[in-house]
Structures are given as structure tokens and as C-alpha cells.
Asks: 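The structure is given below, and queries will be raised subsequently.
As the structure lists them, so they are numbered: ligands from 1, and atoms in each ligand from 1.
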Amino acid sequence: MVPDLDGLGVVVDVFQRVTGATARDPSWYEHFHHSLLHGLPGAVLYLILTIACGTRSPRVLGLVLISYHFHLICDLAGSRGPSPLELWPIHYLAPLSHAWSFMWPHQWPLNAWPNTVFTAALILWSLGRAVRNGSSPVSIFNPHADTAVVSALRARWSRYVRPGTAG
Ligand SMILES: [Zn+2]
């Protein structure tokens with residue numbers, strides 16, 4: 001999710017549209033999304049932040065880089081706009097340079113079925129992992145809520161997914 005933080009300009013755009021406020025650049029989203037954090041400099045920045053937060057495990061840091069680049073590959077495959085002409089490139093060295101820019105001519109729309117199926121599969125995987133390992137993504141925000149979520153998931157799904165020894 002971190003690369004898409006460069007799309008938060010949409011909040012400014014909507015605010016300006018709703019309030020009628022004027023600004024020098026009315027489209028922050030189009031200007032900054034896929035330009036600030038969708039490349040190697042963003043990945044390195046995120047890696048530095050992860051290390052600064054205390055993570056030293058090479059395995060975790062490797063997974064950070066892999067997941068970051070997996071996001072970029074998924075965007076390259078399926079983040080097109082509604083029109084076939086609205087392809088969205090990845091400028092791998094942006095914002096430093098546009099030297100290594102990639103675009104896939106068969107890029108499918110953001111709301112196309114492959115993205116929906118993949119998202120549903122990831123949610124199911126995440127829920128199955130919560131039942132198995134005793135920890136859900138809710139644990140990021142609140143350990144007590146995570147315990148309740150895992151308990152509810154295990155009560156309903158443990159006959160399909162065997163809980164592990166952790167948790
Ligand atoms: Zn993205």
C-alpha cells in the first residue's frame with residue numbers, strides 16, 4: 001500500500017472541488033500519483049524508514065523490497081483508466097529521472113475482473129493465515145481487536161483451516 005501514498009493528493013483535489021477553492025495546481029492526484037513513490041527511490045526510502053523503525057532482519061527487509069516491487073508490477077499490469085488509451089506507465093527512477101519508464105500496452109483497467117479476483121484471493125489468504133497463525137492484519141492497529149477477530153474467524157473457519165501452534 002505504501003507506494004499509493006503518492007495518490008493522497010486526491011484528498012486535496014476533492015476538497016478543492018467541494019469547497020470551490022482555487023489553487024495553482026488543481027490536480028495533485030494526476031501530478032503526483034505514480035510519480036513520487038512508484039519507483040526505486042520510493043522503495044529505497046521505504047526500506048530506510050523500515051530500518052529506522054527498528055527492523056534489522058534481512059528476511060523482512062527483503063520482503064519489503066519484494067512486496068514493493070510486486071505492487072509496481074501489479075500497477076503495470078492492471079491500473080489503466082477506463083479508456084484503452086489511459087495506460088499508466090511506471091517511471092522506475094521517478095521522481096529523480098524518467099530514464100527507465102515502462103508501459104505495458106495490454107494493461108487492463110483498475111476495476112477489471114483480474115484485480116477483483118486477485119483482491120478476493122488475497123483477502124481469503126489473509127483470513128486463512130489469521131486462522132492458522134492466530135494473527136490478522138487487525139493486529140497492526142489493535143492487539144485486543146485482533147484477538148477478537150481471530151477468535152471469531154477460528155470459531156467459524158477452523159474446520160476448513162487448521163489453526164497452527166502460534167497464537
Ligand atoms: Zn500503485
Side-chain angles (χ1 to χ4, degrees), residues 1-19 21 23-130 133 135-142 145-146 149:
M1 299 297 290
V2 171
D4 281 334
L5 290 177
D6 64 10
L8 285 178
V10 72
V11 175
V12 176
D13 293 343
V14 168
F15 178 78
Q16 289 178 349
R17 195 173 308 129
V18 169
T19 61
R24 286 185 310 168
D25 188 347
S27 183
W28 286 42
Y29 180 78
E30 295 229 356
H31 193 69
F32 293 115
H33 188 48
H34 281 213
S35 295
L36 290 180
L37 296 175
H38 279 76
L40 184 60
V44 170
L45 177 66
Y46 186 49
L47 195 63
I48 290 170
L49 286 174
T50 304
I51 293 170
C53 288
T55 301
R56 297 288 188 272
S57 164
R59 182 172 178 253
V60 172
L61 297 175
L63 287 172
V64 164
L65 282 179
I66 289 170
S67 65
Y68 206 95
H69 284 81
F70 188 64
H71 179 113
L72 302 182
I73 290 169
C74 288
D75 275 357
L76 194 63
S79 67
R80 175 171 67 77
S83 159
L85 299 176
E86 295 179 73
L87 296 174
W88 213 322
I90 293 294
H91 303 291
Y92 190 62
L93 298 180
L96 305 176
S97 165
H98 280 95
W100 291 358
S101 294
F102 305 96
M103 189 161 48
W104 189 45
H106 306 290
Q107 187 178 74
W108 59 75
L110 188 61
N111 63 349
W113 70 265
N115 290 359
T116 305
V117 169
F118 190 59
T119 300
L122 284 177
I123 289 171
L124 288 174
W125 174 77
S126 175
L127 295 177
R129 197 169 186 282
N133 298 344
S135 178
S136 76
V138 176
S139 67
I140 297 169
F141 307 106
N142 187 315
D146 180 54
V149 166

Asks: Assign the ring pair Trp104 / Trp108 to parallel, tilted or perpendicular, where the plane angle (0 to 90°) is split at 30° and 60°.
Replies: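 Judged by the thresholds at 30° and 60°, the geometry between Trp104 and Trp108 is perpendicular.
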Asks: Does the side-chain contact (heavy atoms from CB on, under 4.5 Å) test come out yes or no for Tyr68 and Val2, once each step is laid out?
Replies: CA-CA 8 Å; Tyr68 206 95; Val2 171; 4.1 Å; yes
Asks: For His38 and His33, does a side-chain donor sit closer than 3.5 Å to a side-chain acceptor?
Replies: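 No, His33 and His38 have no side-chain donor paired with an acceptor closer than 3.5 Å.
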Asks: At a threshold of 2.8 Å, where the distance has to be below it, does the Zn ion (ligand 1) have an N, O or S atom of His38 nearby?
Replies: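 Yes - counting backbone and side chain alike, His38 has an N, O or S atom under 2.8 Å.
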Asks: Take Leu45 and Leu37 through the test side-chain contact (heavy atoms from CB on, under 4.5 Å) and record every step on the way to the result.
Replies: CA-CA 9 Å; Leu45 177 66; Leu37 296 175; 4.3 Å; yes
Asks: Rounded to 10 degrees, what angle sits at the Zn ion (ligand 1) between Asp4 OD1 and Asp75 OD2?
Replies: 160°
Asks: Under 2.8 Å from the Zn ion (ligand 1), can any N, O or S atom of His71 be found?
Replies: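 So His71 counts as coordinating the Zn ion (ligand 1), yes.
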